[in-house]
Structure formats: C-alpha cells, structure tokens
Amino acid sequence: MSCKHSGRRTRRHVLPAGLGAFCEALAFLRDSNIDPTRPEVALDYWFDLFKVQAMQLVDLIAQEDFATSEATLAVYLAAVRQWRSTMLEAGQRGSIMAAAQQNLEIADAAGYGTSSFAAQMLTMSSRPE
C-alpha cells in the first residue's frame, strides 16, 4: 500500500472518532439547553485550540517527549472523570468520554501519570516502547 492510500485510510479512521466526540459534546449542549451557535459558546475558539493542541501532540509524539511542565496525564484523568460524571448526571451516556477515561486510566496505571497527556499513546500502540 502506498503512502498516499495509507494516509487516506488513516484520515477515514480518525474522522469518525473526532466527529463522534463532537456529536457527544453537541448532545450534552442540547440537553443542557445551550445553543452551540451562541457567541459565548465560541466554537471557533475551541476549533482553533483543538488544532493547536493536536499539532502539539503530533510534535511531542514524533519527538517521543512526554515530559511536561503543565497539566499531567493524571490531572487530565481527574478532569475527564469529573466531566464524564457531569455528563452522566445530565442523562448522557458519555461513551466517547468513557473511552477517553479508560485510555487515561490505562496510561496512569502503567506509570505515566506524571507525564504529559500525549504519553497515553504509549499504552495505545501495539508497537513495543
């Protein structure tokens, strides 16, 4: 398989997961009576922030640099647990948030709690570290 086809296949796998997470967030907003088109929701800001942070993750993973001077993986795990609890209390399933929580829990249990959010990749990959 050429790189061209491999890249296309990767994009097809990533897009549904990302859009699914966005749908989950929209369902939460809807059930919380929050109109996502209201200016204070600031979707453009969140899309821009997501892009910046996603590119930072790409760089960190490429450099295999999982140190952080900011929020650790364990901090993200605590936040995700709280966010999912809030979703459940609002009557949401929070399935994608549950998957995010599970990924962070596995990485934390593997000893990466003091590393960056990107370190969870180390427990997702089938390649040896």
Side-chain angles (χ1 to χ4, degrees):
M1 180 182 298
S2 73
C3 290
K4 178 180 172 186
H5 294 288
S6 178
R8 194 177 306 147
R9 190 175 103 199
T10 299
R11 285 191 298 273
R12 284 193 303 246
H13 284 85
V14 170
L15 190 58
L19 288 176
F22 187 65
C23 285
E24 188 168 275
L26 288 175
F28 179 74
L29 290 174
R30 179 200 61 211
D31 290 354
S32 300
N33 296 315
I34 299 171
D35 178 356
T37 63
R38 289 187 354 214
E40 61 269 25
V41 174
L43 285 180
D44 287 338
Y45 165 80
W46 294 109
F47 290 143
D48 291 343
L49 182 61
F50 179 86
K51 182 178 179 180
V52 167
Q53 290 189 345
M55 295 310 295
Q56 288 173 347
L57 285 173
V58 169
D59 289 344
L60 292 173
I61 290 168
Q63 298 167 17
E64 297 187 10
D65 178 8
F66 302 107
T68 186
S69 60
E70 299 177 5
T72 63
L73 185 141
V75 168
Y76 277 101
L77 173 56
V80 167
R81 284 177 173 148
Q82 180 59 49
W83 296 331
R84 180 147 190 270
S85 177
T86 300
M87 292 177 81
L88 293 172
E89 290 168 10
Q92 298 289 308
R93 283 194 331 255
S95 301
I96 295 172
M97 190 65 77
Q101 180 177 329
Q102 182 182 32
N103 287 333
L104 290 167
E105 287 172 342
I106 291 167
D108 187 52
Y112 297 114
T114 59
S115 300
S116 73
F117 180 83
Q120 67 182 301
M121 182 281 274
L122 296 169
T123 58
M124 292 176 177
S125 178
S126 61
R127 295 184 322 173
E129 291 181 42

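Side chains are part of it too, since the values below use all heavy atoms of this structure and drop only hydrogens, waters and symmetry mates. Numbering starts at 1 and runs along the sequence shown.
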| Can you name the nearest heavy-atom pair linking Q120 to A107, along with the distance? | CA-CB, 3.6 Å
| How long is the gap from CG on L43 to CG on D48, to the nearest 0.5 Å? | 11.0 Å
| query | To the nearest 0.5 Å, what is the distance between CD (E105) and CG (L77)? | reply | 5.5 Å
| task | Determine whether L122 and L60 fall in the same hydrophobic cluster, where Ile, Leu, Val, Met, Phe, Trp and Tyr are linked whenever their side-chain heavy atoms lie under 4.5 Å apart. | result | no
| message | Would you say that L73 contacts L104 through its side chain, given a criterion of any heavy-atom pair below 4.5 Å between the two side chains? | response | yes
| task | Report yes if some heavy atom in the side chain of I61 is under 4.5 Å from a heavy atom in the side chain of F66; otherwise report no. | result | yes
| said: With side chain to side chain contact (heavy atoms under 4.5 Å, CB included) as the test, pick out the partner of M97 among R81, R84, Q102. | reply: R84
| query | Looking at OH of Y76 and CG of D108, how far apart are the two atoms once the value is rounded to the nearest 0.5 Å? | reply | 14.5 Å
| request: Tell me whether L29 is reachable from F22 by hopping between hydrophobic residues (I, L, V, M, F, W, Y) whose side-chain heavy atoms are closer than 4.5 Å. | output: yes
| query | Distance from Y112 atom OH to T123 atom OG1, nearest 0.5 Å? | reply | 7.5 Å
| said: When you group the ILVMFWY residues by side-chain heavy-atom contacts below 4.5 Å and let the links chain together, are I34 and F47 in the same group? | reply: yes
| At what distance, to the nearest 0.5 angstrom, does CZ of F117 lie from CG of N103? | 8.5 Å
| note | Interatomic distance, CE@M121 vs OG@S115, rounded to 0.5 Å, equals 11.5 Å
| Would one find more than 12 heavy atoms of other residues, nucleotides or ligands at under 6.0 Å from atom CE of M124? | yes
| query | Testing D65, L57, T68 for side chain to side chain contact (heavy atoms under 4.5 Å, CB included) with S116, which one passes? | reply | T68
| task | For E70, look at atom CD and say whether over 12 heavy atoms of other residues, nucleotides or ligands are found less than 6.0 Å away. | result | no
